[in-house]
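Data first, discussion second: the structure below is written as structure tokens.
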Amino acid sequence: MRETLTKSIDYGRRLGAEYVEVRAQNLFKTLLTTKDGTVEGAKEGTESGAGVRALVNGAWGFVSLGNPDSKLLTEAVDEAVRLAKAASLRVKSPVKLADVKGVEDRVTAKPRKSPQDVSMEEKIDNALAMDRTVFGYDKRMKSCTISYLDVTGTNYFVNSDGACIQQDKLYVWSRILASARENGVYTSAREEIGSTSGYEVFDTETPEKVGTMVAKRVVEQLKAKTPKGGSFPAVLGPNVVGVFMHEAMGHLAEADLTLSGSILYDKLGKQIASDLVTVYDDGTVEGAFGSFKYDDEGVRTQKTPLIEKGILTGLMHSRETAQKLNMEPTGNARAEDFRFEPIIRMRNTYLAAGDSSFEELVEDVDFGYYLKSFRGGQANLDGTFQVGIQEAYEIVKGQLGEAVRSASISGNTLETLRRVDAVGRDFELWPGRCGKGQTAFICDGGPHIRVGEVTVGGGA
């Protein structure tokens, strides 16, 4: 494989490309879906291919192919160079890349329990056990959908700067969605499980444990009341902090979106948050779902500070955006697979822990909300955001009170960050998948925090 890829790089240079890279992969995937006790889909197989990217006169050309043998790869390089030359005739802002020293490395995965050693029958049995647990918890449960995915194999990266990297991939992921209904009230909840060490995650996050947790969350919401609308102080759990850091803050700090007009465009070096707020996007957290050694441009991953004590100190970069802003690449260029070009993606995005206990966060709230677990979230480049909450409680005179359902929070990201007035000493990361035209495995999280005021909404 190495010799074939290296020859293709040399060929691209001879055709006139100033830069050429080839990403190849040989992965084995399992996908499984069950719904209400029935297996809706189960498939597994090998997925191989390569993506070729060539830079000519400041323009990119990209070609992907499903069979990276020598002859087809040569043809793909030829086509990528041809496309780049054609694009260069109309390019307005020529692409330049920040310098990165090419490295040679072999990164191996050492699973404790490889998902390839687990039969499809066992994977199905575990999913259906989770389903049975949900429906057995309470007769008011109405639906349960479980998705499962595992990925094992190897990615290869070679470029004209001398990089030659072979990097193993290992992901195990599952998501459960469940709902219940009573007297016209409909509630739902979700949970995700992720591991980069192997299938043994289900030895601790057992189907019975996860199914019970989700079903309990759903049923408890049936008797919950709707929240009062308005602006209130709120304590956010690590799960909600994580999605807020990811959706409302993280995407704004992806340099391609920053350059496209995000609210952070002219904020580098300025105070944008409370001095209690420090935020990182970190690809080096051992075992985390968003960690890896090299990104899809061959750049070594790192711990990238985005906000330090309230000051915007960094962005997430590819080699292209780093050059545009005269900064260093951060190892955030990622592609879903060989069919896609790398774009800037988050890894493990989190707010750093502080020094307050949970009791201290709650005790000063006369009336507000404890927002424990998120349902979904979205944000816009102008800094506005909305996060749905699937588990929440009133706070009354410094004590947790009644449960509320169908809550949401919304507002402006920078205003909300400035209103953080206490940060907990605990810390959790949550696995997930992020969509940005492509899917990427990520983690997000942090400690509990208190926000002095946030807009709370909700419905029946």
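The first residue in the sequence is number 1, and the count goes up from there. Excluded from the calculations below are hydrogen atoms, water molecules and symmetry mates; all remaining heavy atoms, backbone and side chain alike, are included.
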With a 3.5 Å distance limit and no angle check, can you tell me whether [X] reaches the backbone of [Y] through a side-chain donor-acceptor pair?
X: Lys223; Y: Val219; answer: no
X: Glu415; Y: Asn412; answer: no
X: Ser291; Y: Glu286; answer: no
X: Gln167; Y: Tyr294; answer: yes
X: Glu336; Y: Gln438; answer: no
X: Arg339; Y: Gly49; answer: no
X: Asn332; Y: Arg345; answer: yes
X: Thr187; Y: Val218; answer: yes
X: Glu247; Y: Ala379; answer: no
X: Arg23; Y: Gly51; answer: no

Do other residues, nucleotides or ligands put more than 12 heavy atoms under 6.0 Å from the [atom1] atom of [X]?
X: Arg425; atom1: CZ; value: yes
X: Gln323; atom1: CD; value: yes
X: Asp355; atom1: CG; value: no
X: Gln378; atom1: CD; value: no
X: Asn326; atom1: CG; value: no
X: Lys267; atom1: NZ; value: yes
X: Glu44; atom1: CD; value: yes

Given the side-chain rings of [X] and [Y], with only the six-membered ring counted for Trp, is the space between their centroids under 6.0 Å?
X: Phe427; Y: Tyr350; answer: yes
X: Phe340; Y: Phe338; answer: no
X: Tyr393; Y: Tyr369; answer: no

Under 4.0 Å between a side-chain nitrogen and a carboxylate oxygen: does that hold for [X] and [Y]?
X: Lys436; Y: Glu254; value: yes
X: Arg53; Y: Glu297; value: yes
X: Lys225; Y: Glu402; value: yes
X: Asp275; Y: Lys309; value: no
X: Glu191; Y: Arg217; value: yes
X: Lys169; Y: Asp150; value: no
X: Arg334; Y: Asp295; value: no

Step by step, would you call Asp36 with Ser143 a side chain to side chain donor-acceptor pair (under 3.5 Å)? CA-CA 6 Å; Asp36 301 340; Ser143 71; 4.9 Å; no
Between [Y] and [X], do the side chains contain a donor N or O and an acceptor N or O under 3.5 Å apart?
X: Thr133; Y: Glu208; answer: no
X: Thr313; Y: Glu308; answer: yes
X: Asp168; Y: Thr108; answer: no
X: Ser406; Y: Arg375; answer: no
X: Arg347; Y: Thr304; answer: yes
X: Tyr199; Y: Asn126; answer: yes
X: Thr455; Y: Ser410; answer: no
X: Trp173; Y: Glu192; answer: yes

Heavy-atom pair with the smallest gap, counting every atom of [X] and [Y]:
X: Phe202; Y: Pro207; answer: O-CD, 4.3 Å
X: Leu361; Y: Val235; answer: O-CG2, 3.8 Å
X: Leu252; Y: Ser262; answer: O-OG, 3.0 Å
X: Glu21; Y: Asp296; answer: OE2-O, 4.2 Å
X: Pro447; Y: Asp426; answer: CB-O, 2.8 Å

Checking Val151 against Phe28 for the side-chain contact (heavy atoms from CB on, under 4.5 Å) test, could you report, in this order, the C-alpha distance in whole Å, the side-chain angles of both residues, the deciding distance, and whether it holds? CA-CA 6 Å; Val151 180; Phe28 186 86; over 6 Å; no
If you measure from CD on Glu220 to CG on Asp138, what distance do you get to the nearest 0.5 Å?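 So the gap between those two atoms works out to 11.0 Å.
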To the nearest 0.5 Å, tell me how far His251 NE2 sits from Thr413 OG1. 11.5 Å
Is there a salt bridge (charged side-chain N to carboxylate O under 4.0 Å, His left out) between Lys29 and Glu47? Walk through the geometry before answering. CA-CA 7 Å; Lys29 292 185 177 181; Glu47 188 175 80; 3.1 Å; yes
Check whether any side-chain heavy atom of [X] lies under 4.5 Å from a side-chain heavy atom of [Y], and answer yes or no.
X: Lys270; Y: Ile311; value: no
X: Leu268; Y: Met327; value: yes
X: Leu128; Y: Thr34; value: yes

Please test Leu306 against Tyr280 for side-chain contact (heavy atoms from CB on, under 4.5 Å), starting from the C-alpha separation and ending with a verdict. CA-CA 5 Å; Leu306 304 177; Tyr280 296 99; over 6 Å; no
If you apply the rule side-chain contact (heavy atoms from CB on, under 4.5 Å), what do you find for Leu429 with Asp444, and how did you get there? CA-CA 5 Å; Leu429 282 175; Asp444 52 44; 5.7 Å; no
Report the C-alpha distance between Phe385 and Phe244 in whole Å, list the side-chain angles of each, state the deciding distance to 0.1 Å, and finish with yes or no for ring pair (Phe, Tyr, Trp, His ring centres under 6.0 Å). CA-CA 8 Å; Phe385 73 89; Phe244 177 71; 4.9 Å; yes
Kindly indicate, with the supporting measurements, whether the criterion side chain to side chain donor-acceptor pair (under 3.5 Å) is fulfilled by Gln116 and Thr152. CA-CA 8 Å; Gln116 284 202 48; Thr152 55; 2.7 Å; yes
Please lay out, stage by stage, how Tyr19 and Asn159 fare under the test side chain to side chain donor-acceptor pair (under 3.5 Å). CA-CA 7 Å; Tyr19 172 83; Asn159 71 7; 3.3 Å; yes
Is it the case that Lys228 places NZ or CZ above or below the six-membered ring of Phe367, under 6.0 angstrom from the centre and within 45 degrees of the axis? yes
Knowing that exactly one of Asp99, Asp161, Asp256 qualifies, which makes a salt bridge (Lys or Arg N to Asp or Glu O under 4.0 Å) with Arg319?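 In the set Asp99, Asp161, Asp256, the residue that makes a salt bridge (Lys or Arg N to Asp or Glu O under 4.0 Å) with Arg319 is Asp161.
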Carefully, step by step, assess Tyr370 and Phe358 under the rule ring pair (Phe, Tyr, Trp, His ring centres under 6.0 Å). CA-CA 11 Å; Tyr370 172 37; Phe358 178 75; 5.1 Å; yes
